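Before any comments, here is the structure.
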Amino acid sequence: MLELSKQDVELDAPCTNKEEALGFIVSRMVDGGLVQPDYLAGMVERESQTSTYLGNGIAIPHGTPETRDMVKQTGIKVARFPKGLDWSNGQTVYTAVGIAAKSDEHLGILKKLTHIISSDELSKRLHTTSSPDEVIAILKGEADAPTLSIHLPNLRTGMKLAFSDEARALTVSILRKASPGPQINWGAMILLQPLQLADNLWLLCTLDDVHPPMLAAVQFHSPDLPNALFITLITRGNVHKPFMDQLMALRHSGLIDKLTSAPDPQTLYRLLKGVHAEGKTATCRIPLPHGLHARPAAQLVELVNSLGVDVLVENLDGDGDPVKANSIARLISLGACFGHRLRFSIADNPHVQNQLDSLLREVAKGLGDEPTPLPDDLPVDDSQSTQPAQQHRPTAAPKPGEKIKGLCGAPGMAVGSVFVQQEVTYNYQEQATNPAEQRQRLEDAIATVRARIRERIKVTGTQASSNEAKLIAGMHLALLDDPSLIDDAQELIPLNKSAEWAWHTTYEQLASQQENNPDKLLAERAADFRDVGSQVLSVLTGTDNESNESAPHILVCHELPASKVPMLDPAITLAVVTAVGGVTSHAAILARSAGIPLLVGCGEQVLQIPADSRLIVNCDDQYTLIADSEDAVQQALAEKQTREEAIRVAHDNRMKPAITTDGVQLEVVANVTNSSQIQKALDLGAEGVGLYRSEFVYMEFGREPTVEQQVTEYGQALSLLQGRPFVVRTLDVGGDKPLPYLPMETEENPFLGIRGARLSRLYPDMLKRQLEALIKSGLAADKDENNKPNLKIMFPMICDIHEWRELKQMTADVVNDHTGLSFELGMMVEIPSAALMSDIFAPELDFFSVGTNDLTQYTMAIDRGHPTLSAMADPIHPSILRQIKMTVDSADSHNGWVGVCGELAADPVGSIILAGLGVKELSMSVKAIPLTKSRLREVSMKQAQAMAEAALYAESAQAVRALKPEDF
Ligand code: PEP
Ligand code: MG
């Protein structure tokens with residue numbers, strides 16, 4: 001929130017009309033170093049577009065987006081006109097709050113203003129008080145009557161607890177964190193008796209004069225209660241009365257069940273605030289860099305008025321109520337910033353869908369402002385905004401033969417008997433009488449777990465998969481040393497709580513806090529808190545939570561803790577299937593390196609799989625199913641065997657060249673992002689590097705790596721490669737790969753904008769420094785007789801011969817300064833114009849490398865990351881194959897060669913067709929190398945050519961995929 005001082009307030013501004021008022025405010029801003037004098041023109045222009053009158057005698061003059069550059073520093077100047085000034089259309093302004101905003105720091109004040117205009121009493125005080133301090137207090141919202149704040153971060157849902165008392169302790173702990181300070185006796189608060197409003201609803205109410213009134217609520221389930229809610233209030237006077245009225249209203253309307261089973265904090269929030277909108281809803285995100293400020297809000301009001309229906313809108317990422325969307329002030333009060341989600345609700349009517357659609361469309365267009373693309377990984381749908389609701393609802397057992405979808409945490413297939421591990425219940429008392437003893441017990445249990453983890457590090461230290469396991473165990477040790485975990489738990493013990501109770505309450509609170517993190521990756525770390533937490537709890541309670549199943553089985557469990565993976569024997573635990581969990585979890589990382597197939601996120605239903613079932617788990621195709629017949633088991637076993645045999649044979653023969661049965665050799669090389677991946681690639685049979693994505697090296701540094709830093713990196717690559725091909729793609733940023741330190745204009749469609757070679761032409765010196773580093777590292781390697789460099793440089797995203805010539809000339813200039821190295825120069829074919837004109841390019845270069853990922857995107861006009869369409873953009877489509885054929889023909893007639901470095905190179909069908917089309921080099925992700933080489937060794941070039949010929953004339957990608965080498 002902006003700071004305001006007395007100097008920012010003029011109680012009696014000497015102005016007689018609006019023009020003078022604007023001039024006065026800007027001159028105060030100029031004096032205060034906030035803006036340049038020309039900002040006035042922006043303010044005048046803004047008023048001519050729409051009046052900044054807010055209501056109740058208040059206006060908020062500010063500049064246009066075009067004059068934002070004239071703001072040196074964000075600030076506010078307040079001018080009062082005791083006699084009132086005519087602002088527009090007969091509206092009289094007594095207080096003008098002038099805004100100079102570089103970004104959205106002023107939104108806090110705007111929010112308060114909207115509250116002020118809805119109160120006659122506050123507005124009057126603002127216009128008449130003789131104290132600048134009071135003006136400031138009113139603007140900052142400090143002069144308000146206290147209200148009970150209900151904040152989203154203080155609400156939790158889906159908690160699994162043993163007792164309602166744990167929920168009470170959690171609410172107290174949430175409030176203590178939200179409002180730290182010595183004034184409240186938190187310990188005593190935990191001991192207060194709550195009111196039981198229903199079988200599954202408790203309310204703990206404490207009076208306190210010092211603290212701001214606030215509330216915390218925990219929705220949970222326990223062994224006895226499928227759904228329950230615990231609310232704790234710190235209140236003063238009868239500030240909480242409206243809330244209590246709201247609670248009673250819910251009770252009378254039979255909505256208590258909705259409250260106690262709220263699936264996510266947002267729903268709970270809306271119910272507690274009494275703003276559960278009826279009708280149809282639609283949600284979108286704000287694409288405006290400066291949020292929903294006054295001008296777009298005015299546009300939205302205009303649109304809403306033209307629809308002729310009541311529209312309710314709420315900011316799902318804010319902490320305020322939904323508002324009617326017919327008031328600019330109310331819309332601003334949402335405090336909606338860039339990326340925030342707005343949910344519109346309209347009562348059901350025959351046109352409701354069209355009305356919602358037009359609202360979403362106009363928001364996406366920017367409501368008169370320039371919209372900025374939103375990051376793809378932010379969900380729009382509010383149902384996806386938090387962790388999946390962990391409601392405890394009885395689920396039916398899956399039927400035999402029915403596929404249960406999951407996500408691949410670790411690849412592979414397994415077939416076997418199921419062992420469903422139900423969640424462990426820890427039995428313990430809440431109360432304990434001897435705090436010193438309890439503290440000691442907790443310390444001892446933590447020490448035991450620490451020792452066990454250290455022991456595990458020692459054991460895994462000798463295994464191949466040790467690195468990840470060691471890192472993760474190290475992280476768990478650090479968690480056990482974390483004061484927020486240990487101190488909080490120790491603080492609860494003096495309240496006559498058992499060590500178990502104090503520990504469980506504390507780690508659950510931290511885990512649930514983590515779970516609510518909007519960053520998916522960080523939210524998944526909640527599993528680590530629960531992992532170390534339950535290890536200590538099992539020591540404290542003497543509960544053995546290991547499965548003693550010694551016969552080979554497929555383990556099905558709620559979630560797989562990372563600490564368990566190193567203890568799994570892959571000969572006994574054939575695969576693991578979990579109800580929840582993510583593919584980036586530490587458990588998944590460890591399962592991948594242990595070679596245990598892991599299917600995560602299959603839903604609670606998997607816990608209902610009958611004990612005598614046989615399961616088929618296919619992590620590669622991301623499903624599991626209960627086998628419904630012996631035949632299904634045998635088929636799955638045969639498929640598993642075929643897959644594994646193929647992988648084994650391929651792995652054993654990975655060092656053998658990829659020579660077709662009739663003697664034609666293909667070069668199979670690796671796609672890497674830095675030199676540290678090269679050794680692994682060589683170990684897996686790579687014959688060199690076919691695509692070195694150099695932009696990742698640039699991304700690793702906070703600024704452009706120096707020539708010396710680059711020489712070191714490229715030199716390392718050359719020395720590992722020992723004369724094998726090293727194809728380096730020059731910096732390819734832009735589009736989906738921004739470089740934080742390289743300023744790039746925001747583009748409406750970055751994939752069609754300045755990326756790859758286009759960016760290098762904008763920053764020629766940067767490209768020259770990269771070329772210099774490459775040539776210098778080549779020259780250094782050239783001195784070593786045994787390590788003659790085999791360097792090939794290529795430019796990404798070339799679409800036109802003039803671009804190519806300009807970059808080739810730049811390379812020649814650098815070579816002139818550092819002569820003596822021979823290397824090849826080529827380009828990527830990623831844009832259809834390059835493939836179609838390849839005959840023009842071919843005489844001027846040594847090679848083409850086809851980037852089928854981008855070539856498919858641009859040929860089929862489907863964004864390569866599109867959530868629903870990208871599956872349709874199959875690079876094996878004949879339109880792509882025909883372009884590759886044209887490129888090969890062009891290269892052939894000028895002694896050049898063609899490689900393919902997009903995903904198609906590793907495709908089981910694609911790699912054979914590419915060989916048949918005359919592609920000489922296939923470059924792919926490291927792990928795909930052994931199998932691709934092996935597949936190429938199984939066909940003849942004659943078959944591959946015939947298959948390629950058929951593919952060129954096939955009618956669709958599906959038709960190409962139906963082709964089999966054995967048919968040719
Ligand atoms: C491609 O576009 O196919 C390619 C290999 O480049 P990238 O995936 O890095 O854009
Ligand atoms: Mg590309």
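In this text the structure is predicted, and so the values were computed from the model without any measurement. In each ligand, atom 1 is the first atom listed, and ligand 1 is the first ligand listed. Scope of the values below: all heavy atoms of this structure, side chains included, with no hydrogens, waters or symmetry mates. Starting from 1, each residue takes its place in the sequence as its number.
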- Item | Set of residues that line ligand 1, where lining means a heavy atom lies under 4.0 Å from it | Leu691, Arg693, Arg729, Lys737, Met828, Glu830, Gly851, Thr852, Asn853, Asp854, Arg864, Cys901, Gly902

- Task: Identify whether the distance between the nearest side-chain nitrogen and carboxylate oxygen of Lys788 and Asp782 falls below 4.0 Å.
- Result: yes

- Message: As an exercise, state the distance from OG1 of Thr811 to CD of Glu772, rounded to the nearest 0.5 Å.
- Response: 13.0 Å

- Answer with yes or no whether the side chains of Thr859 and Gln883 bring together a donor and an acceptor at under 3.5 Å. yes

- Message: Between the side chains of Lys964 and Asp967, is the shortest nitrogen-to-carboxylate-oxygen separation below 4.0 Å, so that they form an ion pair?
- Response: no

- Task: Tell me, yes or no, whether the heavy-atom count around Asn895 atom CG, taken from other residues, nucleotides or ligands under 6.0 Å, exceeds 12.
- Result: no

- What side-chain hydrogen bond (donor to acceptor under 3.5 Å, both in side chains) pairs are there with at least one residue in residues 916-930, not counting sequence neighbours? Asn671-Ser923

- Query: What residues, two or more places apart in sequence or in another chain, satisfy salt bridge (Lys or Arg N to Asp or Glu O under 4.0 Å) together with Glu645?
  - Reply: Arg648

- Is Arg961 salt-bridged to Asp907, going by a charged N under 4.0 Å from an acidic O? yes

- Take the Mg ion (ligand 2) and tell me which protein N, O or S atoms are nearer than 2.8 Å. Glu830 OE2, Asp854 OD2

- Please state whether the rings of Phe726 and Tyr692 are parallel, tilted or perpendicular, taking 30° and 60° as the class boundaries. perpendicular

